[in-house]
Number of protein chains: 2
Amino acid sequence: MSTPPRVTIKDVAARAGVSKGAVSLAFNRKPGLSDATRDRIFAAARELGWAPNLTARSLSSQRVDVVGLAICRPARLLGLEPFYMEFVSGVESVLTERSCSLLLRLVRNVDEETAVQDAWWRGRQVSGSILVDFRADDPRAAAARRLGMPVVAVGHPSLTGGLTSVWTDDATAVTEAVRYLAALGHRRIARVGGAALLGHTAIRTAAVDEAARRLGLAGVRQVTTDFSGEDGARATRSLLSAPDGDRPTAILYDNDIMAVAGLSVAAEMGVRVPADVSLLAWDDSQLCRLTRPTLSAMSHDVHGFGAEVARTLFGVIAGEAVSHPVATPVLVPRGSTAPAT
Amino acid sequence: MSTPPRVTIKDVAARAGVSKGAVSLAFNRKPGLSDATRDRIFAAARELGWAPNLTARSLSSQRVDVVGLAICRPARLLGLEPFYMEFVSGVESVLTERSCSLLLRLVRNVDEETAVQDAWWRGRQVSGSILVDFRADDPRAAAARRLGMPVVAVGHPSLTGGLTSVWTDDATAVTEAVRYLAALGHRRIARVGGAALLGHTAIRTAAVDEAARRLGLAGVRQVTTDFSGEDGARATRSLLSAPDGDRPTAILYDNDIMAVAGLSVAAEMGVRVPADVSLLAWDDSQLCRLTRPTLSAMSHDVHGFGAEVARTLFGVIAGEAVSHPVATPVLVPRGSTAPAT
DNA sequence: GCGCCCTCCTAAACCGGTCCAGTCAATGAC
DNA sequence: GTCATTGACTGGACCGGTTTAGGAGGGCGC
């Protein structure tokens, strides 16, 4: 292992025959240098293979080009949710443009996340963070406010305690889903929801109830899960085991993976999709097009969502961001939904 | 937005009535302070809400508690591969123990990754990196060596150009898979491989050929894909479209998602699984237990793999790591494989 | 010839920690 | 009583950048 060269700005300055300050000016593209000097400095840097030490830069300029993201779900489930990787990739697409990096952390619970964010911010490791998966009475809003930490909350304003927020209008989307199923003639509609603690789960639950009330659907049943395929399968099995006149003829899922699991359960129980029961997924990853029948889904642009969240975080850091929703998921009908018989 | 307090070590020192150095000693748990003084310092820090500025610490101590990971696959595919999130979670489990963070970046190609690693290392943003998805003649080994950057390569030593490596023994695993299928009586075995450019794809391809030769299987066919479900479906469709006596009776896939897609294609074509064709997946995420029939798979502990890679990286940084394989994937038979008829 | 303004550049303070040489008092050995 | 040793702590250099006050030199107007 050869010892690293450790070239510093001083070496470059010496080589170019200028002061440290001049090198700094050149590399930050600030005025006050002649073109000739600038060129000499760049040439010297290139010859020495120098790149500025970002740690030193952060220390003196009081800013870091890093944003934080902590995700709080069991790894076992995370891997399966196409949502997060796509979301992260959207975030990154914006960060990259601004030569910013993403500090990622998987945590086990909100308290651990609060501790992580606290450490990141107070240790000046990040210039801001993205907060996801809000629940009712989430402690993170208060914590962020107390720290004066720039954050953008991914979630409906009713959950995010006044933080700058970006969200998808789940209530409207879920209402559209229910109306679509009702229009197909379904009266007994069920929903296999996500984690009960999560705010958006509650929002969807309330919206389904409200839509059912307006449409005069009496037989709506909703259950919650841990988002895993296994739990989705269990829930579906339970729903489809109801006595014949009581069994739902349409099931709405809170993510793709549970819908896929539901499809298998239906097959296992000899319930035909979509002839006997219609299934509707949420998120619409590629998975929905790989099953048989293909899965109808509430579809949204997760990558774009992540990108918008990142842009908003930069806005917050600059002190000029406002909360706003992104496009509402739209229904993409495929092979798993059909008129009720 | 209230202005941040900006408490520094000097304030804490003043409040505790000691020097900066003493505070530093206390917070780094180094000897040379009486318990009384230590307590006073901690009390002062707590009262002021101080936490050390990690940027400053990194600058003077010449170390950063951050490791880098760049992943190079289209986001569209990444989201679907349970592998990476699980791998990342394994990596993190070890990083967390050492209060280390993970800098994540999704890149489009090897050159971009090389540039990113270069910038990270020269900018002293990371203390080392994990390199994944090696291909033949991968430029990253040479780049890492040139920079003197501590890295651990995830991949077989034949691919990683002499870097410290951690790998799964794909050749042995794939051989076991082929032998298993052969033992079930399958003679026409096909494999739907991953990206042709990837080193481990080539290793598996060669191992399948070798196993087929030894077992005297003539009809082995192997194709490569981009790892996506769509491509897996296309490949499966093509394989199953062969004239009857030429159609494979068993198909081995390089990941889960393509096996799931294969299952649907078989159904779509009226080919029964496992009666007419056996399918065998790779990685064995939860997905394999959610299909119908359930998918037999080559299973491995991806979380543990990530953890071991992270431990090895710390070894490299400490200058004492050696290359080694992790446990070989083992066959988990489920409902998608059966004796050939 | 003088004052004034620009342009280009330098010197040095500064960011907030770490770390080492060195001070000072108390203790122990003889 | 003297000297070496140990433990507890301080002062200040240092990490590698950024930033600002200010200086040198040249051009211009009058």
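Just so it is clear: chains get the letters A, B, ... in the order the sequence lines come, proteins before strands, and each one is counted from 1.
When each of B:A22 and A:A22 is assigned the nucleotide of DNA chain D bearing its nearest heavy atom, the one mapping closer to the 5' terminus is B:A22. Each of A:A56 and B:K20 has a nearest nucleotide on DNA chain D; the 5'-most of these lies closest to B:K20. For the pair A:G32 and A:G21, nearest-nucleotide mapping onto DNA chain C gives the more 5' position to A:G32.
Between the C1' atom of C:dA12 and the CG atom of A:L25 lies a distance of 15 Å, rounded to the nearest Å. Whole-Å rounding puts the B:R57 CZ to D:dG16 P distance at 18 Å. Between the CZ atom of A:R38 and the P atom of C:dC9 there is a distance of 9 Å, given to the nearest Å. Rounded to an integer number of Å, the gap from CZ of B:R29 to C1' of C:dT18 is 17 Å. The CD1-C1' distance, from B:I9 to D:dT10, rounds to 13 Å in whole Å. Note: CG (B:D35) to C1' (D:dC9) measures 15 Å, nearest angstrom. Per the geometry, CZ belonging to B:R122 stands 12 Å off P belonging to D:dG17, to the nearest Å. Straight-line distance from the CZ atom of B:R6 to the P atom of C:dG17: 11 Å, rounded to whole Å.
In this model, the phosphate group of C:dG16 is approached by a side-chain N or O of A:Q62 to a distance below 4.0 Å at OP1 or OP2. Proximity of B:T55 to the phosphate of C:dG17: no side-chain N or O atom is located under 4.0 Å from OP1 or OP2. Contact annotation: B:N53 side-chain N/O to C:dC15 OP1/OP2 distance is not under 4.0 Å. In this structure, B:S19 reaches the D:dT10 phosphate: one of its side-chain N or O atoms is under 4.0 Å from OP1 or OP2. Note on A:K30: a side-chain N or O is less than 4.0 Å away from OP1 or OP2 of D:dT19. In terms of phosphate contacts, A:S24 brings a side-chain nitrogen or oxygen within less than 4.0 Å of OP1 or OP2 of D:dT18. Applying the 4.0 Å criterion to OP1 and OP2 of C:dG17, one finds that B:S58 has every side-chain N and O outside that range.
Donor-acceptor pairing under 3.5 Å is recorded for the side chains of A:T160 and A:S165.
Looking at B:D137 and B:R135, no side-chain N of the basic residue comes within less than 4.0 Å of a carboxylate O on the acidic one, giving no salt bridge.
For A:D111, the side chain to side chain contact (heavy atoms under 4.5 Å, CB included) test picks out A:N109, with sequence neighbours left out.
Closest to the A:T8 side chain, of the nucleotides C:dT10, D:dT19, D:dG16, is D:dG16. In the set C:dC19, C:dC15, C:dC9, C:dC15 carries the atom at the smallest distance from any side-chain atom of A:L59. Here the side chain of A:N28 is nearest to one of D:dT18, C:dC8, C:dT18, namely D:dT18. Of the candidate nucleotides C:dG16, D:dT18, C:dT18, D:dT18 has the atom lying nearest to any side-chain atom of A:S60.
A centroid separation of less than 6.0 Å is found between the aromatic rings of B:W50 and B:F27.
For the atom pair CG (B:L131) and CZ (B:R140), the distance works out to 5.5 Å, reported to the nearest 0.5 Å.
Within the nucleic acid shown, A:V23 has no heavy atom closer than 4.0 Å to any nucleic acid atom. Using a 4.0 Å heavy-atom cutoff across all strands shown, A:G17 reaches sugar-phosphate atoms only and no base atom.
Side-chain contact check for B:V67 versus B:S127: some heavy-atom pair is nearer than 4.5 Å.
Remark: the B:K10 side chain and the C:dG17 base include no donor-acceptor N/O pair separated by less than 3.5 Å.
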